[in-house]
**Q** 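Structure below; questions to follow.
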Amino acid sequence: MSGTPPMAKRMADIVALCKRRGFLFQSSEIYGGLNGFWDYGPLGVELKRNIKDAWWRDMVLGHNELDAPAGAPSAYEMTGLDATIIMHPQIWKCSGHYDLFHDFMVDCRESKKRYRHDQVRGRWAEFEGERIFVATTVEAAEEDEDTRRRAMKHFKLRPKDAERLALSDTFTSLDRVDDMTRVLGPDAKSLGTLTPPREFNLMFKTFVGALSGEEGAAFLRPETAQGIFVNFKNVVDSTRVRVPFGIAQIGKSFRNEITPRNFTFRSREFEQMEIEFFCRPTTSAEWYRYWRDRRMRWYLELGLGGDRLRLREHDRDELSHYSTGTADIEYAFPFLPPGEFGELEGIAHRGDFDLRSHMEGKLDPATNPLRLEVDSDGKPRWRGSGKDLSYRDDLTNDRFVPHVIEPSAGADRAALAFLCEAYHEDEAPDEDGVMRKRAVLRFHPRLAPIKAAVFPLVKKDGMPEIAKEVYSTLKRRLSVFYDEKGAVGRRYRRQDEAGTPYCITVDGQTLVDRTVTLRDRDSLEQCRIRIDDCVSEIETRIGGA
RNA sequence: GCGGGUGUAGCUCAAUGGUAGAGCGUUGGCUUCCCAAGCCAAACACGAGGGUUCGAUUCCCUUCACCCGCUCCA
């Protein structure tokens, strides 16, 4: 490990703790693992469930539609949805994923660079009967100069011989070139270094029906959002919700990442927590700001903070043409270089792109106002559903296609961020007063997999019996853990590593007055409370902490 | 996808072309009235496949996974 940067070492410690205590395991580990897939162990599943439950409660169930929350333009409604992972294949064509995720890539054996096949352009150059295709990826304004210069260099021509080089006037896409051996790669010095185009399927393909022919081909969803858009009309027709309102969904999504890396950060199977919030076009900018700030505050409330969490508003040139705003909530994960942040959640103003694409056919995101994307015959590139997804306000009687604000969060990334944020090493004195290192996960009590542990101080004098009684009472309401084995100090430390915020210990005085000690994970302080107050005390601390 | 590194017990690490060890952790027992204590005992490992060899955890090849750097990142 020599030479390992301190933060990478810290990340390695976190990964080791996750495995040791049962937060995260590599998927299929006994068979050697599977790249980009991770399993949640007994503690991890509780952590992730708590995160998802907190999100659902705070965004959906706990939302009061009767009052406008602070910062919101008006009161609004929230509802939930659970759509299938496999949906009609046309959905991904209209959403844009099919085009974006079905790239043909070429690799350059010389420069080791990888290009999207359709994004490499170039033109033919001929000198003394030898004809080569000079490829480039520079901006259109510089194409002429770049390809001319590199063609000259390839044929070892001096400036005065420039007119002996025949250059075609038109630039074409690399996908029009059949013979890759005649291609000079954008960053190559020798000819024919590009591999033949290879298909990259960023969406997982599967087959519906027992007979697996292309007509049954379908995809595992690469995002949960489309399940919401295609159910927009169903929700409006069945629930009496009125714009503005949001539909929330938690579920698995799948992307065939080219390079899964960084523990669970870029997994191929992952879970999203998404809201599509539908509002009037005229108020969409205000709603965008509300959701951006609301979502940022949610992470802060659950303990992510300091300079490791930031809200990054996208620059204008990063935005889609139709969008008036996109922000990322980002966390400085320990595996990233100092100063770099990884995305936890994106909050995007999506205009009416999605609903209209599912009505009319895929729109061209490069246009504003949005126009239908057409093929060379002027026909829609991808046909929409043809269904009317506009919304009629029956009070004002006007009809419009709602605009959408999309807060899209990664549940696994949130879990990883909360784990990294919670991880602390500190020193605490042992019974001889010697300082010993301890690892402690300082989860927000709402997120902690185990809320409290119950111990008899020693395994005799009737203490286990009372402790079991306390445990049984708590277990009806809370995730708790009972432990009577070994020294009490070791039991405390075990709970510290699991992130358990409170430990309740039955001791000699309990036998006298039915009080127990309540030990705080972070301060190590203890106070005495009555056995009968245990449930309310812990619940108060979790709720109010 | 490319280059480099690493795979030995749950974890951290040894050793070895010929019976694979330790510390910590885990489990059981004893002791123990507050922060990984002590004593006794036990279980658990050479990532996978192939090759060389009388014999491979060790040497070679392939593969898988993880880490670092590039590349990619809707």
Side-chain angles (χ1 to χ4, degrees), chain A residues 1-5 8-9 11-13 15-22 25-38 41 92 95-103 105-116 187 195 198 200 202-203 222-223 225 253 255-263 265-266 320 335 337 342-343 346 348 365 408 427-440 455-461 463 484-497 503-511 516-521 524-526 528:
Chain A
M1 279 286 190
S2 66
T4 307
K9 170 72 170 71
M11 194 62 215
D13 289 340
V15 173
L17 179 103
C18 283
K19 165 119 200 243
R20 188 168 71 242
R21 290 302 187 201
F25 307 124
Q26 205 179 356
S27 169
S28 318
E29 189 181 314
I30 61 169
Y31 283 101
L34 190 60
N35 191 303
F37 295 90
W38 298 89
W92 308 112
S95 72
H97 290 89
Y98 185 84
D99 292 337
L100 272 168
F101 284 21
H102 260 82
D103 294 335
M105 310 284 275
V106 293
D107 290 308
C108 179
R109 298 187 189 92
E110 183 188 308
S111 68
K112 307 300 183 195
K113 286 187 184 296
R114 169 176 291 164
Y115 315 96
R116 270 177 62 174
D187 301 279
T195 62
R198 285 177 288 187
F200 274 70
L202 266 53
M203 283 195 290
E223 64 170 35
S253 293
R255 295 180 188 182
N256 241 329
E257 299 288 350
I258 295 170
T259 314
R261 266 298 157 95
N262 291 332
F263 204 24
F265 183 77
R266 181 168 286 125
S320 306
F335 50 75
E343 182 182 342
S408 170
E427 294 199 322
D430 68 10
E431 65 172 9
D432 300 321
V434 180
M435 295 306 278
R436 304 282 298 242
K437 194 179 102 169
R438 73 164 183 160
V440 53
F455 309 144
L457 184 59
V458 292
K459 202 167 70 173
K460 61 178 186 183
D461 300 338
M463 290 181 204
E484 61 178 25
K485 301 191 186 79
V488 73
R490 187 190 311 229
R491 286 178 264 158
Y492 284 143
R493 296 300 172 91
R494 267 198 288 253
Q495 294 306 315
D496 290 339
E497 274 201 346
C503 292
I504 290 167
T505 304
V506 169
D507 58 15
Q509 197 174 331
T510 309
L511 308 172
V516 291
T517 64
L518 181 68
R519 178 252 196 194
D520 180 88
R521 175 194 65 203
L524 303 181
E525 284 170 4
Q526 295 185 31
R528 292 205 78 86

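Being a predicted model, the structure only gives us computed values, none of them experimental.
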**Q** Between B:U58 and B:A15, how far apart are the two P atoms, rounded to whole Å?
**A** 16 Å
**Q** Tell me which nucleotide, if any, is Watson-Crick or G-U wobble paired with B:A41 when both distances must be under 3.5 Å.
**A** B:U27
**Q** Ignoring the backbone of A:Ala487, work out which of B:A37, B:C70, B:G29 is nearest its side chain.
**A**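 In terms of side-chain proximity for A:Ala487, the closest of B:A37, B:C70, B:G29 is B:A37.
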**Q** From C-beta outward on A:Lys459, which listed nucleotide comes closest to its side chain: B:U26, B:G29, B:C70?
**A** B:G29
**Q** Roughly how many Å apart are B:C64 and B:A48, using the C1' atom of each and rounding to a whole number?
**A**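 Between the two C1' atoms, the distance is 7 Å.
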**Q** Using OP1 and OP2 only, check whether a side-chain N or O of A:Arg519 sits under 4.0 Å from B:C34.
**A** no
**Q** Look up atom CD in A:Glu343 and atom OG in A:Ser408, then write down how far apart they are to the nearest 0.5 Å.
**A** 7.5 Å
**Q** Can you find a heavy atom in the side chain of A:Thr505 that is under 4.5 Å from one in the side chain of A:Arg519?
**A** no
**Q** Report the distance from atom NE2 of A:His97 to atom P of B:C73, rounded to the nearest whole Å.
**A**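 After rounding, the gap between these two atoms is 15 Å.
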**Q** Does the ring center of A:Phe263 lie less than 6.0 Å from the ring center of A:Phe335?
**A** no
**Q** Which base sits across from B:C13 as a Watson-Crick or G-U pair, both distances under 3.5 Å?
**A** B:G21
**Q** Could you tell me whether the phosphate oxygens of B:A36, OP1 or OP2, come under 4.0 Å of any side-chain nitrogen or oxygen in A:Arg493?
**A**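 It does, given that an N or O in the side chain of A:Arg493 lies less than 4.0 Å from OP1 or OP2 of B:A36.
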**Q** Measure the shortest side-chain to side-chain distance between A:Trp92 and A:Pro222 over non-hydrogen atoms and say whether it is less than 4.5 angstrom.
**A** yes
**Q** For the salt bridge (charged side-chain N to carboxylate O under 4.0 Å, His left out) test, which of A:Arg20, A:Arg521, A:Arg491, A:Lys19 pairs with A:Glu497?
**A**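 So the option named by the test is A:Arg20.
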**Q** With P as the reference atom in both, quote the distance from B:A42 to B:U52 in angstrom, rounded to an integer.
**A**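 Pairwise P distance, B:A42 against B:U52, rounds to 41 Å.
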**Q** Between A:Arg261 and A:Asp507, name the one whose nearest nucleotide on RNA chain B is closer to the 5' end.
**A**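 Looking at the nearest nucleotide for each, A:Asp507 comes out on the 5' side.
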**Q** Any side-chain heavy-atom pair from A:Phe455 and A:Gln495 closer than 4.5 angstrom?
**A** yes
**Q** Could you give the distance separating B:G4 and B:C60 at their P atoms, to the nearest angstrom?
**A**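 About 15 Å, rounded to a whole number of Å.
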**Q** What is the distance, rounded to the nearest whole Å, between atom CZ of A:Phe263 and atom C1' of B:A65?
**A** 14 Å
**Q** A:Phe455 CZ to B:C34 C1': how many Å, rounded?
**A**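 Interatomic distance, CZ of A:Phe455 to C1' of B:C34: 11 Å.
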**Q** As an exercise, state the distance from CD of A:Glu525 to OG1 of A:Thr517, rounded to the nearest 0.5 Å.
**A** 13.0 Å
**Q** Given B:A36, B:C33, B:C34, which nucleotide is nearest the side-chain atoms of A:Val488?
**A**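 The answer is B:C34, which lies nearest to the side chain.
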**Q** With a 3.5 Å limit on both atom pairs, tell me what B:C66 is paired to, counting Watson-Crick and G-U wobble, or say none.
**A** B:G5
**Q** Distance check, C1' atoms only: B:G55 and B:U16, in whole angstrom units.
**A** 14 Å
**Q** Which nucleotide sits closest to the side chain of A:Lys485: B:G28, B:C34, B:G69?
**A** B:G28
**Q** For the pair made of CG in A:Asp13 and P in B:C11, what is the distance, rounded to whole Å?
**A** 14 Å
**Q** Could you state the atom-to-atom distance from OH of A:Tyr492 to P of B:C34 in whole Å?
**A** 10 Å
**Q** B:U27 P sits how many Å from A:Glu484 CD, rounded?
**A**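 Atom CD in A:Glu484 sits about 12 Å away from atom P in B:U27.
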**Q** Using a heavy-atom cut-off of under 4.0 Å over every strand shown, decide if A:Glu223 touches base, sugar-phosphate, or nothing.
**A** nothing
**Q** A:Ile30 CD1 to B:A45 C1': how many Å, rounded?
**A**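 It is 15 Å, rounded to the nearest whole Å.
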**Q** If you only use heavy atoms from C-beta on, which nucleotide in B:C35, B:C33, B:C73 is closest to the side chain of A:Asp461?
**A**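 Minimum distance to the A:Asp461 side chain belongs to B:C33.
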**Q** My understanding is that a pair needs two contacts under 3.5 Å, Watson-Crick or G-U wobble. By that rule, which nucleotide pairs with B:C35?
**A** none
**Q** Side chain of A:Arg21 only, heavy atoms from C-beta on: which candidate in B:A36, B:C33, B:C66 is closest?
**A**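 Closest nucleotide among those given: B:A36.
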**Q** Could you tell me whether A:Phe265 contacts a base, only the sugar-phosphate backbone, or nothing, with contacts defined as non-hydrogen atoms closer than 4.0 Å?
**A**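 The answer is nothing, as A:Phe265 stays clear of every strand by at least 4.0 Å.
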**Q** Go nucleotide by nucleotide along RNA chain B from the 5' end; which of A:Arg494 and A:Met463 gets its closest nucleotide reached first?
**A** A:Arg494
**Q** Tell me whether A:Asp507 contacts the main-chain N or O of A:Thr510 through its side chain, where contact means a donor paired with an acceptor under 3.5 Å.
**A**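 Checking the backbone N and O of A:Thr510 against the side chain of A:Asp507, a donor-acceptor pair under 3.5 Å is found.
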**Q** With a non-hydrogen cut-off below 4.0 angstrom, is A:Glu343 in contact with a base, only sugar-phosphate, or nothing?
**A**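 Result for A:Glu343 = nothing.
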**Q** Does a nitrogen or oxygen in the side chain of A:Lys19 sit under 4.0 Å from OP1 or OP2 of B:G10?
**A**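 No, because none of the side-chain N or O atoms of A:Lys19 sits under 4.0 Å from OP1 or OP2 of B:G10.
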**Q** Is the shortest side-chain N/O distance from A:Arg490 to OP1 or OP2 of B:U26 below 4.0 Å?
**A** yes
**Q** Side chains of A:Trp38 and A:Gln26: closer than 4.5 Å at any heavy-atom pair?
**A**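 Yes, at least one pair of side-chain atoms sits under 4.5 Å.
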**Q** Side-chain contact test, heavy atoms from C-beta onward, threshold under 4.5 Å: evaluate it for A:Leu524 versus A:Tyr492 and give yes or no.
**A** no
**Q** Does A:Arg491 reach a base, just sugar-phosphate, or nothing at all? Heavy atoms under 4.0 Å.
**A** nothing
**Q** Under 3.5 Å between N/O atoms: give me all the protein pairs with nucleotides 61-64 of chain B, atom names plus distance.
**A**
unit_1: B:C64; atom_1: O2'; unit_2: A:Gly32; atom_2: O; d: 3.2

**Q** Between B:A36, B:U26, B:C35, spot the one nearest the side chain of A:Glu497, thanks.
**A**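 Taking heavy atoms from C-beta onward, the closest nucleotide is B:A36.
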**Q** Pick the C1' atom in B:G7 and in B:U12, then give their distance to the nearest Å.
**A** 14 Å
**Q** Can you tell me the pairing partner of B:C59 across any strand shown, Watson-Crick or G-U wobble, with both distances under 3.5 angstrom?
**A** B:G51
**Q** Give me the distance, rounded to whole Å, that separates B:G18 from B:U26 when you measure between the C1' atoms they each carry.
**A** 32 Å
**Q** Taking CG from A:Leu202 and C1' from B:C72, how many angstroms apart are they, rounded to a whole number?
**A**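 Going from A:Leu202 (CG) to B:C72 (C1'), I get 10 Å.
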**Q** Over all strands shown, is A:Glu29 touching base, sugar-phosphate only, or nothing at heavy-atom distances under 4.0 angstrom?
**A** nothing
**Q** For the side chain of A:Glu257 and the base of B:C73, is some donor closer than 3.5 Å to an acceptor across the two?
**A**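 Per atom types, no contact qualifies.
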**Q** Determine the Euclidean distance between corresponding P atoms of B:A41 and B:A36; express it in Å to zero decimal places.
**A**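 Those two atoms are separated by 24 Å.
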**Q** Could you check whether any side-chain N or O of A:Arg490 sits under 3.5 Å from a backbone N or O of A:Lys485, counting only pairs where one atom can act as donor and the other as acceptor?
**A**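 No, A:Arg490 side chain to A:Lys485 backbone: no donor-acceptor pair under 3.5 Å.
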**Q** Select one nucleotide: of B:C33, B:C68, B:A36, the one nearest the side-chain heavy atoms of A:Asn262.
**A** B:C68
